[in-house]
Amino acid sequence: MGSFHIPQSQNPRLYTTERSVLSQRCYGEDGVRIPRATLKEAQTALLEYLHSTRSIQFVDAENMSKNSPHFLRKLLKKVEIVKDVRRSMSRFLRYHPINEFEPFFESLGLKPCEYTPLLPRDLMFLSDDCLLLENYRVLCEFGVERNKIGQIYKKAVQVFQHDFGVLLLKLQAYQKLGLSQSFIAKIIVYSPHVLTGDIDIKFIKVLEILNGLGFDYAWIKEHLSEKEFYNWSMIFRVLKFFREMGCSGELGGLISQHPRLLFEGSSGRVLSLIAFLLKFGLRMDRISSMFLQFPEIQVSHFVSNIIRFFLFFKEIEMEVDEIGKIVFSYPILLGSCTLKKTSSLLHDLNVGKKRLCKYIQENPQELSKWGMGTRVRPLPDSGEGVESQKLKTKFFLDLGYGENPNMLKKAFKVFRGRGGELQERFDTIVNAGLDQEDVSKMVRVSPQILNQSKALIQSKIDILVNELGFPLSSLILFPSYLSYTTQRVRLRLAMYNWLKDQGKAEPDLALSTIISWSDKIFLSQCVNNHPSGPQVWEDLKAEFTRDK
């Protein structure tokens, strides 16, 4: 290549033979910036090294030296400055070769945190990767901005692994299809995967459809982003889907008004949204109409908002068919509002889940007023609270608490739920086959058994009688059974039955003893009676946890 000499300029004597004050300021903890003159000298020294010593083409070496400030600052910290920066840098580089891929990738527009994972493990010199340099220069000569090439490398490293001449043929193939060189140079920055295989037919079809709708290449370039990953096959599917939905006439206006429907997330979120709405029974014409009214909001946010509402409805225990009715009727409302957390809404509205479900079903438009950043006022008093108090008082009197104010006050603290719900739970136990008087005694002994839903009480009674084989009358002696989790009951009984089969447990141990013992006592009194007991206990716990 021959040698290249850059004339030395006269430098002011800013440095002493000791490590300079200026250099200490540059690298100190006080965050002082390196002076421009110092950086300029460092750039010159790096350019001389890359071009004259390492024989890198001048244009490439100049780009690397001028556009790798992070690398230069890191390099300067290693150099002992004597007299001037340029000579000190040159001397350092003479004996300390650098990893040339670092300034190279930085000059292509990548930050250190982006290019560090991309550095070759066993290479230091650019000349050792001739295909990388070859394909890099093809892109430069084709008109791709140097500081954008890093994005191509980051998204599709395969582009830089093509054999000699292959990349240029691919670029020319797109030109033969009628695409301008300037358009291709921009597109491959946004979507470099069009250069990794054969011609991307779906990409070409998308362009043809958009051109047919009146969108030129300038409009397409304007609405693409380096931050996105474009799957042209997915975008083509969405365009095709819109046509099948009957949007052909309005498709141009729809895309013009909401280009993000196509280009945000490669349309994957749009397809997810369509699938979600179809699940709730929306017909294609309704979905088409919704897109024509689509709000000024990112598709990802719209989808996230709808899912947030769906989870909210589940948290307040709304029936599935009621959720479906709201999603079916108000998709735009749900997608346009970022709902507050469920716990915050229940607090701000000063309402229980049951009443909130009913209120939403009767006033679905109110949902739009419960978004993040809005002030939510409590719901007006429905009068249900007073009625519930009356029912509760009657229920406690029927249980035999009497009209003693202190007894009633205590009962109101112990029992959770509305008056009607408490009566319904009580009746569930009676209807299972027990005498009402016996159930009243059970509740007085273990009032917490009514602080569960009707369905859960039914489930626990079914497990006791039909699965574990105990008589229903066991509840009279041990009403607290209904307070324990089904997992605890099943685990304890499974362990006890195993020990009984091994002859290591009392054959007639009471249900209340088996269930109510603490884990520590159960282990010492039962499990440890057999050498394999602890291992069997752990295996059963793992099994029941897995089943849960």
Practice item. Mark yes when over 12 heavy atoms from residues, nucleotides or ligands other than Lys369 sit less than 6.0 Å from its NZ; otherwise mark no. Key: no

Practice item. Would you confirm whether Ser459, through its side chain, and Ala455, through its main-chain N or O, come within 3.5 Å as a donor-acceptor pair? Key: no

Review point. Could you give the distance from NZ (Lys460) to OG (Ser483), rounded to the nearest 0.5 Å?
Key: 6.5 Å

Point to revise | Ile209 side, atom CD1; Ile255 side, atom CD1 - distance, nearest 0.5 Å | key: 8.5 Å

Point to revise | Side chain His162, main chain Leu195, donor-acceptor under 3.5 Å | key: yes

Check your understanding: Is His223 atom NE2 crowded by more than 12 heavy atoms from other residues, nucleotides or ligands, each under 6.0 Å away?
Key -> yes

Practice item. Please name the pair of heavy atoms, one in Leu251 and one in Arg243, separated by the smallest distance, quoted to 0.1 Å. Key: CD2-CG, 4.1 Å

Practice item. Give a yes or no on whether the backbone of Ile332 and the side-chain of Ser336 come within a donor-acceptor separation of less than 3.5 Å. Key: yes

Review point. Got a sec: does the NZ of Lys186 have more than 12 other heavy atoms crowding it under 6.0 Å?
Key: no

Review point. If only atom types and distance count, is the side chain of Tyr359 paired as donor or acceptor with the main-chain N or O of Val351 below 3.5 Å?
Key: no

Practice item. Using atom types as modelled and distance alone, determine if a side-chain donor or acceptor of Lys340 lies under 3.5 Å from a backbone N or O of Gly373. Key: no

**Study point:** Over 12 foreign heavy atoms within 6.0 Å of CD, Gln436
**Key:** no

Practice item. Could you please spell out the steps behind the ring-ring contact (aromatic ring centres under 6.0 Å, His included) verdict for Phe470 and Tyr481? Key: CA-CA 12 Å; Phe470 285 86; Tyr481 159 82; 8.3 Å; no

Point to revise | Cationic tip of Arg286 above Phe328 ring, under 6.0 Å, 45° of axis | key: yes

Check your understanding: Hey, are the side chains of Ile323 and Phe280 touching, using non-hydrogen atoms and a 4.5 Å cut-off?
Key -> yes

**Study point:** Backbone N/O of Ser512 and side chain of Ser516: donor-acceptor pair under 3.5 Å
**Key:** yes

Practice item. State whether Asp508 and Lys500 are salt-bridged, where the test is any N-O pair (Lys NZ or Arg NE/NH1/NH2 against Asp/Glu carboxylate O) under 4.0 Å. Key: no

Check your understanding: Do Ile326 and Glu322 come within less than 4.5 Å of each other through their side chains, counting heavy atoms only?
Key -> no

Review point. Checking Glu106 side chain against His70 main chain: does a donor-acceptor pair fall under 3.5 Å?
Key: yes

**Study point:** Heavy-atom check, side chain of Trp370 versus side chain of Asp348, under 4.5 Å
**Key:** no

Practice item. Report yes or no: is the cationic atom of Arg492 (NZ for Lys, CZ for Arg) closer than 6.0 Å to the six-membered ring centre of Phe522, at no more than 45° off its axis? Key: yes

Exercise for review: Would you mind checking if Glu208 and Lys205 are paired as a salt bridge, meaning a charged N to carboxylate O distance below 4.0 Å?
Suggested key: no

Study note, to complete from the structure: To the nearest 0.5 Å, atom CD of Gln535 lies from atom CG of Leu540 at 10.0 Å

Check your understanding: Quick one: are Val270 and Phe291 in side-chain contact, heavy atoms under 4.5 Å?
Key -> yes

**Study point:** Side chains of Thr342 and Glu315, donor plus acceptor under 3.5 Å
**Key:** yes

Review point. Can you list the steps and then say if Phe229 with His193 is a ring-ring contact (aromatic ring centres under 6.0 Å, His included)?
Key: CA-CA 9 Å; Phe229 174 85; His193 283 85; 5.0 Å; yes

Revision key, fill the gap. When Thr428, Ile429, Ile463 are each screened for side chain to side chain contact (heavy atoms under 4.5 Å, CB included) with Gln458, the one that passes is Thr428

Review point. Taking the side chain from Asn231 and the backbone from Met234, do they hold a donor-acceptor pair closer than 3.5 Å?
Key: yes

Exercise for review: Heavy atoms only: give me the nearest Gln151-Glu114 pair and the separation to one decimal.
Suggested key: NE2-OE2, 4.2 Å

Practice item. Only one of Asp200, Val159, Ile199 passes side chain to side chain contact (heavy atoms under 4.5 Å, CB included) with Val194; say which it is. Key: Asp200

Point to revise | Check: Ser225 and Tyr230 side chains under 4.5 Å, non-hydrogen atoms | key: yes

Review point. Just wondering, are more than 12 heavy atoms of other shown residues or ligands nearer than 6.0 Å to CG in Asp321?
Key: yes

Review point. Taking side chain as C-beta onward, heavy atoms only, is Leu277 less than 4.5 Å from Pro331?
Key: yes

Study note, to complete from the structure: Residues Ile316 and Cys357: closest non-hydrogen pair is O-SG, 3.1 Å

**Study point:** Any donor-acceptor pair under 3.5 Å from Gln452 side chain to Ile449 backbone
**Key:** yes

Review point. When rounded to the nearest 0.5 angstrom, what distance separates CG in Leu491 from CD1 in Ile515?
Key: 9.0 Å

Check your understanding: Got Val206 and Leu262 here, is their nearest side-chain heavy-atom distance under 4.5 Å?
Key -> no

Review point. Under 3.5 Å, is there a donor-acceptor pair between the side chain of Ser453 and the main chain of Leu456?
Key: yes

Study note, to complete from the structure: For Phe426 and Val439, the nearest pair of non-hydrogen atoms, with its separation, is CE1-CG1, 3.4 Å

Check your understanding: Do Asn466 and Asp462 have side-chain N/O donor and acceptor atoms under 3.5 Å apart?
Key -> yes

Review point. Salt bridge or not for Lys155 and Glu226, using N-O below 4.0 Å?
Key: no

Check your understanding: If you round to the nearest 0.5 Å, how far is OG of Ser300 from CZ of Arg260?
Key -> 9.0 Å

Check your understanding: Is any side-chain heavy atom of Phe478 closer than 4.5 Å to a side-chain heavy atom of Ser446?
Key -> no

Practice item. May I ask you to check whether over 12 heavy atoms, not counting those of Arg488, lie within 6.0 Å of atom CZ? Key: yes

Check your understanding: From Glu506 CD over to Tyr496 OH, what is the distance, rounded to the nearest 0.5 angstrom?
Key -> 7.5 Å

